[in-house]
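To start, the structure itself, in structure tokens.
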2 protein chains.
Amino acid sequence: MADAEPGWELYRSFLGVLKEGSLSGAARALGLTQPTVGRHVEALEQALGLSLFTRSQLGLAPTEAALALAPYAETLAATAAALLRVAESQGDGVRGTVRITASEVIGVEVLPPILAALREQHPALKIELGLTNRVEDLLKREADIAVRMVRPSQDVLWARRVGAVELGLHAREDYLARHGTPRSFGELLNGHAIIGFDRETAFLRGARKALGPLRRDAFSLRADSDLAQLAAIRAGYGIGVCQVGLARRDARLVRVLPKAFSLPLETWVTMHMDLRDNPRCRVAFEAVAEGLQGYIEGEAR
Amino acid sequence: MADAEPGWELYRSFLGVLKEGSLSGAARALGLTQPTVGRHVEALEQALGLSLFTRSQLGLAPTEAALALAPYAETLAATAAALLRVAESQGDGVRGTVRITASEVIGVEVLPPILAALREQHPALKIELGLTNRVEDLLKREADIAVRMVRPSQDVLWARRVGAVELGLHAREDYLARHGTPRSFGELLNGHAIIGFDRETAFLRGARKALGPLRRDAFSLRADSDLAQLAAIRAGYGIGVCQVGLARRDARLVRVLPKAFSLPLETWVTMHMDLRDNPRCRVAFEAVAEGLQGYIEGEAR
DNA sequence: CGTCCGCCATACAGAACCGTATAGCGGGTG
DNA sequence: CACCCGCTATACGGTTCTGTATGGCGGACG
């Protein structure tokens with residue numbers, strides 16, 4: 001009933017409970033104590049005139065209202081974090097923290113040397129890597145720079161195309177020596193150990209026609225982690241899809257059916273317009289864009 | 001130096017000082033006291049390791065760093081306000097507050113009857129009107145619904161074109177009776193009292209060629225407020241630009257040089273995608289869109 | 001079926017915070 | 001030039017909030 005605007009602190013505790021699922025967990029994550037977080041949630045419920053959680057001994061379950069408010073609380077947290085990054089980068093020169101988001105494979109296999117060189121050049125620069133296939137939202141400031149496989153359509157975003165990463169079927173040569181090299185999709189599907197995804201993602205639904213006969217039930221090893229798939233290919237488990245440029249680095253890996261299966265992924269490096277004049281972001285953007293371009297051109301050699 | 005994350009409350013005080021220009025002013029605006037706000041700012045400076053304001057007896061001037069952080073603090077405030085609106089709208093039916101932004105003329109001359117009808121139909125709905133020619137940022141949640149004269153290019157925004165508002169030159173008939181009706185731009189510029197803008201805005205720069213010879217030095221009355229220009233036309237001051245639909249409502253107003261000067265403005269009603277399923281926003285969106293469409297079609301009759 | 005672990009709720013002491021009151025300074029005004 | 005107004009900075013008392021400690025409950029495990 002009392003609708004005095006709730007303190008912004010309460011939102012932080014609210015988000016913590018939402019993410020951790022319990023007062024105790026949120027308290028640990030936030031560096032507070034369980035009674036304090038409980039009081040915060042209670043105060044927020046009071047101020048909003050809403051019930052946010054259904055209490056129980058094994059945690060708090062969010063109500064529908066709490067779920068409706070969740071995205072806003074997340075935006076608050078992301079914005080506060082972005083503010084801190086900007087604050088940290090104040091002062092002369094390239095300094096502070098830049099947060100980069102990319103897919104797991106790019107982040108693990110491609111970015112490290114690029115970032116290492118970047119750091120050599122700018123020792124005061126700190127880097128945060130968010131590796132997820134979910135596209136973190138640059139508009140929500142969840143990251144400063146994103147490596148994406150889709151062309152960004154937001155005009156407040158600044159993007160540079162760095163080329164197309166090619167995906168292809170690969171296997172280790174000793175696997176092929178044991179089981180033969182398939183010369184057609186028919187041979188591939190007949191008796192070969194195929195490595196593929198488990199659950200369908202939005203990306204996969206979009207690429208379904210490009211995948212051809214590579215459907216879920218044809219897979220001998222199913223993993224949602226692209227890294228796990230790559231590791232399985234490298235371990236000689238069987239035949240799977242990975243970036244051509246990565247396979248080239250491992251002399252034991254051989255490409256299979258290169259003409260029948262090739263999936264080029266347009267790749268973009270993206271940044272919020274507002275950060276264009278921020279030294280740390282500009283420098284990191286250039287480094288990542290040029291590094292990826294080098295990787296892709298090397299891949300295509 | 002101590003980089004424990006600052007409390008989110010501090011950002012609110014920081015933004016208050018930034019907007020009010022003094023500790024005392026911010027304290028009044030926030031419902032706190034001057035020493036408290038002072039302590040908040042001090043604590044924030046401590047936590048960020050930055051100097052945010054240069055103190056003086058006649059207020060606090062923001063440093064460069066403070067200005068860099070300002071947009072983020074504003075996003076925080078806008079998001080918190082949006083969260084409150086969503087919280088208020090929880091529960092069954094169309095309830096809560098919807099924030100609409102539009103130009104001053106639209107907001108004063110066109111929207112009121114539309115909103116009145118909307119309120120009759122949904123008594124539990126409250127409406128916030130933000131009237132500014134500056135485009136409030138829907139991405140930053142500064143408003144739920146926006147009436148704009150530019151096609152939105154963000155694909156997270158949901159937009160509906162409601163037609164084109166036509167701008168034309170108008171004057172009161174008794175003014176024309178006294179001074180004659182110009183039959184060409186030449187006659188218009190020669191001795192007539194022309195009402196126009198004072199400082200150039202982004203919109204005017206874009207429309208410069210459409211405005212033809214209507215430049216700043218030709219104006220007898222300069223006002224940046226479109227409402228003031230409209231009032232001047234209605235008062236019989238002279239000849240100025242206003243919406244054709246508005247002029248039709250006043251029998252004493254006559255259009256001048258209709259063939260030589262006509263500026264159609266594409267008009268869009270826009271909303272964030274996320275709010276599409278929110279009853280209060282959906283209802284208000286429909287009402288505003290249909291109301292404006294009715295206005296524009298009536299104007300063109 | 002008893003034990004253990006993690007969770008929420010409550011009571012109480014201490015710390016942190018806020019508001020009130022006051023002093024000091026600078027600019028505008030008659 | 002004296003007065004007034006608004007601002008910041010500082011000291012002090014009271015309130016609020018936080019943390020610690022404890023009790024009670026439910027599920028997991030042997």
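In what follows, chains carry the letters A, B, and so on, assigned in the order in which the sequence lines appear, proteins first and then strands, with residues in each chain numbered from 1.
Side-chain nitrogen and oxygen atoms of B:Ser22 include none within less than 4.0 Å of the OP1 or OP2 phosphate oxygen of D:dG6. Taking 4.0 angstrom as the limit, A:Ser24 places none of its side-chain polar atoms (N or O) nearer than this to OP1 or OP2 of C:dG6. Between B:His40 and the phosphate of C:dC17, there is no side-chain N or O to OP1/OP2 separation shorter than 4.0 Å. The phosphate of D:dA9 (OP1 or OP2) has a side-chain N or O of B:Arg55 nearer than 4.0 angstrom. OP1 or OP2 of D:dA11 has not a single side-chain nitrogen or oxygen of B:Arg39 nearer than 4.0 Å.
A salt bridge does not link A:Asp144 with A:Arg99: every distance from a Lys NZ or Arg NE/NH1/NH2 to an Asp or Glu carboxylate oxygen is 4.0 Å or more. Under a 4.0 Å N-O distance rule, the pair B:Arg141/B:Asp274 qualifies as a salt bridge. At a threshold of 4.0 Å, the pair A:Glu45-A:Arg55 counts as salt-bridged, since one of the basic side-chain nitrogens sits closer than that to a carboxylate oxygen.
Distance, B:Glu45 CD to D:dT8 C1': 13 Å, rounded to whole Å. The separation between A:Gln46 atom CD and D:dT16 atom P is 15 Å, rounded to whole Å. Protein atom CG of B:Leu44 is 14 Å distant from nucleotide atom P of C:dC17, rounded to whole Å. Put simply, CG on B:Leu60 is 18 Å from P on D:dG6, counting in whole angstrom units. Atom CZ in A:Phe53 sits about 15 Å away from atom C1' in C:dC7, given to the nearest Å. When rounded to the nearest whole Å, the span between CD of A:Glu9 and C1' of D:dT16 equals 14 Å. B:Glu42 places its CD atom 13 Å from the P atom of D:dT8, with the value rounded to the nearest Å.
Comparing D:dT10, C:dC7, D:dT18 by their closest approach to the side chain of A:Arg28 singles out C:dC7. Of the candidates D:dG19, D:dT8, C:dC18, D:dT8 carries the atom nearest the B:Leu23 side chain, counting heavy atoms from C-beta on.
Checked by atom type, the side-chain pair A:Glu88/A:Thr97 shows a donor-acceptor distance below 3.5 Å.
For A:Leu32 and B:Gln34, each mapped to the nucleotide of DNA chain D holding its nearest heavy atom, the one lying further toward the 5' end belongs to B:Gln34.
Checking side-chain atoms of A:Ser89 against main-chain N and O of A:Gly96 turns up no donor-acceptor pair under 3.5 Å.
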